[in-house]
Chemist: 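Could you have a look at this structure, given as structure tokens, before my questions?
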Amino acid sequence: MKQLPKTYDPEAVEEKIYDMWLKGGYFRGVIDPQKEPFTIVIPPPNVTAQLHIGHACDNTLQDILIRYKRMQGYAALWIPGTDHAGIATQIKVEEKLRNEGKTRHDLGREKFLEEVWAWKEKYGGQIINQLKKLGSSCDWDRERFTMDEGCSKAVREVFVRLYEKGLIYKGSRIVNWCPDCVTALSDIEVEHEEQRSHLWHIKYKVKDSQEYITVATTRPETMLGDTAVAVNPSDERYRHLVGKTLILPLVGREIPLIADEYVDPSFGTGCVKITPAHDPNDFEVGLRHKLPVIRVMDDNAVINEKGGKYQGMGRYEARKAIVNDLRELGQLDKEEGYAHNVGVCYRCGKNVEPVVSAQWFVRMKPLAEKAIAVVKEGDIVFVPERFSKIYINWMENIHDWCISRQLWWGHQIPAWYCDDCGHINVSRDTPEKCEKCGSIALTQDEDVLDTWFSSALWPFSTLGWPDKTPDMDYFYPTSVLVTAYDIIFFWVARMIFSGLEHTNQKPFSTVFIHGLVRDEQGRKMSKSLGNGVDPLDMVEKYGADALRLNLVSGISPGNDMRFIISRCESFRNFANKLWNAARFVLMNLEIDRNELPEKLETEDKWILSRLNSLVGEVTENLDKFELGIAAEKIYDFIWDSYCDWYIELTKTRLQGNEDDKKISAQKVLCYVLTETLKLLHPFMPFITEEIWQSLPHEGEALMVEQWPVYMQELSFPEEEADMESIMKAIKAVRALRAEKNVPPSKKSRLIIVTDKDSIFKHGEAFMMKLAFASEIDITETAPENLEEMAVTVTDDARIFIPMAQLVDIEKELLRIDKELKKSREDLSKVNAKLQNPGFVEKAPEHVVNGEREKAARLEALIENLTESRSQLEKIKS
RNA sequence: GGAGGCAUAGCUCAGCCGGUUAGAGCGCUUGCUUCACACGCAAGAGGUCAGGGAUUCGAGUUCCUUUGCCUCCACCA
């Protein structure tokens, strides 16, 4: 017999258990042709810093799925890894350098990258350690990094293939430029926020005329680059001026007044200044009208030499100066307050500047088509389903993807420019000479790729692609992708089209989307608010199991959740509850084999039947990704059915002196506990494993045990009902006693009047213990000296308690009347249903039968209540 | 301008395909050193399931609508 400490101590258990799992090699995904594969690739956390509570949630969900499937006999593989997170990490390291008074340019590219790699080693390691602390059962032998050799090879392969197919091109386009990060961004890396600003109305003089045209703009500084003013061709007000020349204020440049459908005549003055170099729409207009493109800002958003006297000013400094100058010239017609959406960089939060720039793009339309079809046809399923609409909508309106970044940290673009002929050599390996002119003077493109370019390949680059590997053959396509809804576009969408394009297969079958973890007030967790929660703190305080259960129970798929610390405490209490249940079982255990006894008592069948239903339901819930519901059901079963009832019920047998009943109780206790541990294991891996190891068992570890299956022969509806009868009686007695504050130490005789005497005969011992009886009489007729007794009633028994303390006829009458009223109301409702032909005809049989049974129960209860009532009345008079 | 979500106990939230008396945690009230557990046990209070309408034998659950929050997408100067 093994002794467990009185309180569960996660710290003493978790590391030991995790090491045991590691030593056993249970995390390894092993190719086994006899088994079905089940694969998950981790959404690689950024190596920017430590994990936050959102990661803990994401990884707990994955771990639950992978452990569940592993126990079901799948060849389960969970591939871990981290993401280099281009801009984010580079910003972090530059910040660190700034604190040391340095910039990346002081170090130079090579030295700087050394710094970043050192950073990566530090934080990447921390992240892996954190994942382990959470209990994640990843195959650590296969840990990957988006910039490791294999992933880099995949990146080059993809780049070259797409380039050769004409799906990657380099071109001058308007891109979102972050002057602070000094790089181009893709469209989705720009967030929009409303900013209060002004709408400035500026007068442009018509050449050789007294007339003026007024345009409105939110970015007056860009006027330095204006090359036209446009009006709608149908606009009567300006028709006579179309084709005329205007004088650009401050600059003096002559620009045409053009007509273009793009202009909305009803907005503002109906005239739009056209700055092709600094606005995406103007760029398009410029193309249509063959307008010159004059870029007036440099990469830091400082006005360049094209800006005349404003050269050297920052964009907002220039804005101020220009507005002032226009005002002085009398060419500022109006200045009005204006709130509008401004794009900001998703990494640094600074305003993004649309500028024309030569960048690399992925041509999206051809790739998107397949990616839309695969979801529309249900080949890839989103859970919850509603996210597929969001995905499809985005894919259908997709723009080309700007993939080049003016950073140093990342995959350098595999393109080499020939210094002699200018030809672009795109190649998997560093070319020795220009493929066009043979020159050896080649310079590689300085830029790196968008960090998401490599993440997009993650499901197959981690399995060895582009090489043909056994892993690729066996584990690909992966099974489920688990992630939050905020990176559906960044990541999920790009994995889908990349997988389809490069492997000709979908990268995964199911996308399981969860919400974001917010703080107790429902705010997003962020650095600036300082409301972030460190998962390791929670692990330390409450244990990993409690944290995990907090993160998955009481949540619904796809919806945000609040992280409430007090809930960690309740789940720690739950762990302790389970611990003590196990402690109780072990204290009473004299068997060394886990098996069911030959002869089962009613209460055994009751708990086994309940367990069996639980097995069926939990399995179904997990298959439908209803993890929260599954967790709650297991929680309720353990606390309510197993601890509060079954353990209490077995005490009479365990403490009795009938050996066979004692042993059979031990066997059922042990069996049910073991099966329950299996069900709970994916959710609370540490404590379940630790307890399981103490119980009689044959296998090596709980985590590789077989997942329980529903068995018809373990369903005992009759015994369940019988036990419920006894439980109801026990509850009724307890309620009566509690009302009068009778302590458990004060026992009393119980006289049970029932026609189900065999059931109650069996329940005698339970009533003794749990209803605090000193002796029990089971009869079919009510006792005599009623005035000395209190009575309580269930639907199949009247229970008399000869205890003066409880006798209070007036109060009893009141209580019985109240109950009678309620029961009669319920009964009439049920009868109304049953008398409704529509209900009886149309409702399914089990529902109708259920109502009939309910009616019968209520009738019995009413009869018992009425009987008791008339007796009380008799005593009263 | 589009699209989506949320509204259920004092608080935070579950509630799957419509079908017992709408649940949990925390909080609250009362009692209990009941030989696993006070991180516990027992009993209890507390709900017009946001308002209105429709479908149905039956609606917290489906549909429409109103109100109030929230999010995402979108090039209106």
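A, B, ... follow the sequence lines: proteins, then strands. Residue 1 opens every chain.
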Chemist: When all nucleic acid strands are considered with a 4.0 Å heavy-atom cut-off, which category describes A:W200: base, sugar-phosphate, or nothing?
Modeler: nothing

Chemist: Can you tell me if the side-chain N/O atoms of A:R572 get under 4.0 Å from OP1 or OP2 in B:C39?
Modeler: no

Chemist: Between A:R518 (CZ) and B:C13 (C1'), how many Å, whole number?
Modeler: 15 Å

Chemist: Could you check whether A:Y635 gets within reach of a base, just the sugar-phosphate, or nothing at all, counting any heavy atom under 4.0 Å?
Modeler: sugar-phosphate

Chemist: Send over the distance from A:Y346 OH to B:U71 P, rounded to a whole Å.
Modeler: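 Taking atom P of B:U71 as the reference, OH of A:Y346 is at 20 Å.
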
Chemist: Using atom P of each nucleotide, how far apart are B:C16 and B:A74 to the nearest Å?
Modeler: 33 Å

Chemist: Do A:K651 and A:F584 meet the cation-pi criteria used here (NZ or CZ under 6.0 Å from the six-membered ring centre, within 45° of the axis)?
Modeler: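 Judged by the rule (NZ or CZ under 6.0 Å from the ring centre, within 45° of its axis), A:K651 counts as positioned above A:F584.
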
Chemist: Contact class for A:C643 vs. all strands (heavy atom < 4.0 Å): base, sugar-phosphate, or nothing?
Modeler: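 If one applies the 4.0 Å heavy-atom cut-off, A:C643 turns out to touch a base.
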
Chemist: How would you label the contact of A:N741 with the nucleic acid (heavy atoms, under 4.0 Å): base, sugar-phosphate, or nothing?
Modeler: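 Here A:N741 touches the backbone only, sparing every base.
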
Chemist: Would you tell me if any nitrogen or oxygen in the side chain of A:N397 comes within less than 4.0 Å of OP1 or OP2 on B:C73?
Modeler: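 For B:C73, OP1/OP2 do not have a side-chain N/O of A:N397 under 4.0 Å.
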
Chemist: Under 4.0 Å, heavy atoms only, any strand: does A:D636 hit a base, just the sugar-phosphate, or nothing?
Modeler: nothing

Chemist: From CG of A:N550 over to C1' of B:C39, roughly how many Å is that when rounded to an integer?
Modeler: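 Interatomic distance, CG of A:N550 to C1' of B:C39: 15 Å.
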
Chemist: Using a 4.0 Å heavy-atom cut-off across all strands, classify A:A735 as base, sugar-phosphate, or nothing.
Modeler: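 Sugar-phosphate, no base atom in range.
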
Chemist: Is it true that A:E189 and A:S186 share a donor-acceptor pair across their side chains at a distance under 3.5 Å?
Modeler: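 On atom types as modelled, these side chains qualify, holding a pair under 3.5 Å.
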
Chemist: Using a cut-off of 4.0 Å on non-hydrogen atoms, how would the nucleic acid contact of A:I564 be classed: base, sugar-phosphate, or nothing?
Modeler: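 Answer is sugar-phosphate: A:I564 comes under 4.0 Å of backbone atoms only.
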
Chemist: Reckon A:T7 has a side-chain N or O less than 4.0 Å from the OP1 or OP2 of B:C39?
Modeler: no

Chemist: Under 4.0 Å: is that the gap between some side-chain N or O of A:K577 and OP1 or OP2 of B:C41?
Modeler: yes

Chemist: Both A:F267 and A:K829 contact RNA chain B. Taking the nearest nucleotide for each, which residue is further toward the 5' end?
Modeler: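 Upstream on the strand: A:K829.
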
Chemist: Compare the minimum distances between each of B:C16, B:C75, B:A36 and the side chain of A:Y262, then state the nucleotide with the smallest one.
Modeler: B:C75

Chemist: Considering only atom P, compute the distance from B:A45 to B:A22 and round it to an integer number of Å.
Modeler: 13 Å

Chemist: Could you report the tightest heavy-atom contact between A:I174 and A:P276, atom names first, then the distance?
Modeler: CD1-O, 3.3 Å

Chemist: Side-chain contact test, heavy atoms from C-beta onward, threshold under 4.5 Å: evaluate it for A:I213 versus A:L246 and give yes or no.
Modeler: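 Side-chain contact under 4.5 Å: yes.
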
Chemist: Could you tell me whether A:F489 contacts a base, only the sugar-phosphate backbone, or nothing, with contacts defined as non-hydrogen atoms closer than 4.0 Å?
Modeler: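 If one applies the 4.0 Å heavy-atom cut-off, A:F489 turns out to touch the sugar-phosphate alone, with no base involved.
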
Chemist: Rounding to a whole Å, what distance do you find between A:L578:CG and B:A36:C1'?
Modeler: 11 Å

Chemist: Rounded to whole angstrom, note down the C1' distance from B:C17 over to B:G53.
Modeler: 25 Å

Chemist: Once you apply the 3.5 Å cut-off to both distances, tell me the Watson-Crick or G-U wobble partner of B:A3, or none.
Modeler: B:U71

Chemist: Sticking with atom C1', work out how far B:A36 lies from B:G47, rounded to a whole angstrom.
Modeler: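 Between the two C1' atoms, the distance is 36 Å.
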
Chemist: Do any side-chain nitrogens or oxygens of A:R386 fall under 4.0 Å of OP1 or OP2 in B:G5?
Modeler: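 No, no such contact exists.
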
Chemist: I want to confirm an ordering. Mapping A:V190 and A:W579 to their closest nucleotides on RNA chain B, which one lands closer to the 5' end?
Modeler: A:W579

Chemist: Between B:A38 and B:G44, how far apart are the two P atoms, rounded to whole Å?
Modeler: 24 Å

Chemist: Rounded to whole Å, how long is the line connecting atom CD of A:E626 with atom P of B:A14?
Modeler: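 So the CD-P distance, A:E626 to B:A14, works out to 13 Å.
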
Chemist: With a non-hydrogen cut-off below 4.0 angstrom, is A:R857 in contact with a base, only sugar-phosphate, or nothing?
Modeler: base

Chemist: Quick one: the side chain of A:E648 and the base of B:A36, do they pair up donor-acceptor inside 3.5 Å?
Modeler: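 Check passes, donor-acceptor contact within cut-off.
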
Chemist: So, the side chain of A:T269 versus the backbone of A:C271: is there a donor-acceptor pair under 3.5 Å, distance only?
Modeler: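 Yes; at least one donor-acceptor contact below 3.5 Å.
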
Chemist: Please name the nucleotide paired to B:U20 by Watson-Crick or G-U wobble geometry with both distances under 3.5 Å, or report none.
Modeler: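 Partner of B:U20: none found under 3.5 Å.
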
Chemist: Looking for any heavy atom pair under 4.0 Å, which part of the strands does A:Y642 touch: base, sugar-phosphate only, or nothing?
Modeler: nothing

Chemist: So A:P280, base contact, sugar-phosphate only, or nothing? Heavy-atom distance under 4.0 Å.
Modeler: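 Since no nucleic acid heavy atom lies under 4.0 Å of A:P280, the category is nothing.
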
Chemist: Determine the contact category for A:T217: base if any of its heavy atoms lies under 4.0 Å from a base atom, sugar-phosphate if only primed atoms, P, OP1 or OP2 are that close, otherwise nothing.
Modeler: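 Sugar-phosphate contact only - A:T217 comes under 4.0 Å of backbone atoms but never of a base.
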
Chemist: Please determine whether the number of non-hydrogen atoms from other residues, nucleotides or ligands lying under 6.0 Å from atom CD of A:E11 exceeds 12.
Modeler: no

Chemist: For a quick test of reading the model: is some side-chain N or O of A:K6 closer than 4.0 Å to OP1 or OP2 of B:A38?
Modeler: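 Checking B:A38 against A:K6, a side-chain N or O does come within under 4.0 Å of OP1 or OP2.
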
Chemist: When the C1' atoms of B:C49 and B:A14 are considered, how many whole Å apart are they?
Modeler: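 Rounded to whole Å, the distance is 13 Å.
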
Chemist: Suppose you measure atom C1' in B:G10 against the same atom in B:G46; what distance do you get, rounded to whole Å?
Modeler: 8 Å

Chemist: Test your reading of the model: is there a side-chain donor-acceptor pair from A:D519 to the backbone of A:G522, 3.5 Å cut-off?
Modeler: yes

Chemist: Give me the distance, rounded to whole Å, that separates B:U65 from B:G25 when you measure between the P atoms they each carry.
Modeler: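 Comparing P positions in B:U65 and B:G25 gives a spacing of 38 Å.
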
Chemist: Across all strands, who's sitting opposite B:C41 as a Watson-Crick or G-U wobble pair, both distances under 3.5 Å?
Modeler: B:G31

Chemist: At their closest point, which heavy atom of A:N351 faces which heavy atom of A:Q195, and how far apart are they?
Modeler: OD1-NE2, 2.9 Å

Chemist: A:G554 near the nucleic acid: base, sugar-phosphate alone, or nothing, with a heavy-atom cut-off under 4.0 Å?
Modeler: sugar-phosphate

Chemist: State which of B:A77, B:A43, B:G40 makes the closest approach to the side chain of A:N573.
Modeler: B:G40

Chemist: Which part of the nucleic acid does A:V263 contact within heavy-atom distance under 4.0 Å: base, sugar-phosphate only, or nothing?
Modeler: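 Base, at least one base atom sits under 4.0 Å.
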
Chemist: When you measure from the side-chain N and O atoms of A:W639 to the phosphate of B:C41, is any distance below 4.0 Å, counting only OP1 and OP2?
Modeler: yes

Chemist: Ignoring hydrogens and angles, tell me if any N or O in the side chain of A:D545 forms a donor-acceptor pair with the backbone of A:F686 under 3.5 Å.
Modeler: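 Side chain of A:D545 to backbone of A:F686: a pair is present.
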
Chemist: Partner of B:G60 by Watson-Crick or G-U wobble geometry, both contacts under 3.5 Å, or none?
Modeler: none

Chemist: Side chain of A:H399: nearest nucleotide among B:C75, B:A14, B:G19?
Modeler: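 Of the candidates, B:C75 comes closest.
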
Chemist: Just to confirm, is there a sub-4.0 Å distance from OP1 or OP2 of B:U34 to any side-chain nitrogen or oxygen of A:K651?
Modeler: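 The answer is no; no side-chain N or O of A:K651 sits under 4.0 Å from OP1 or OP2.
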
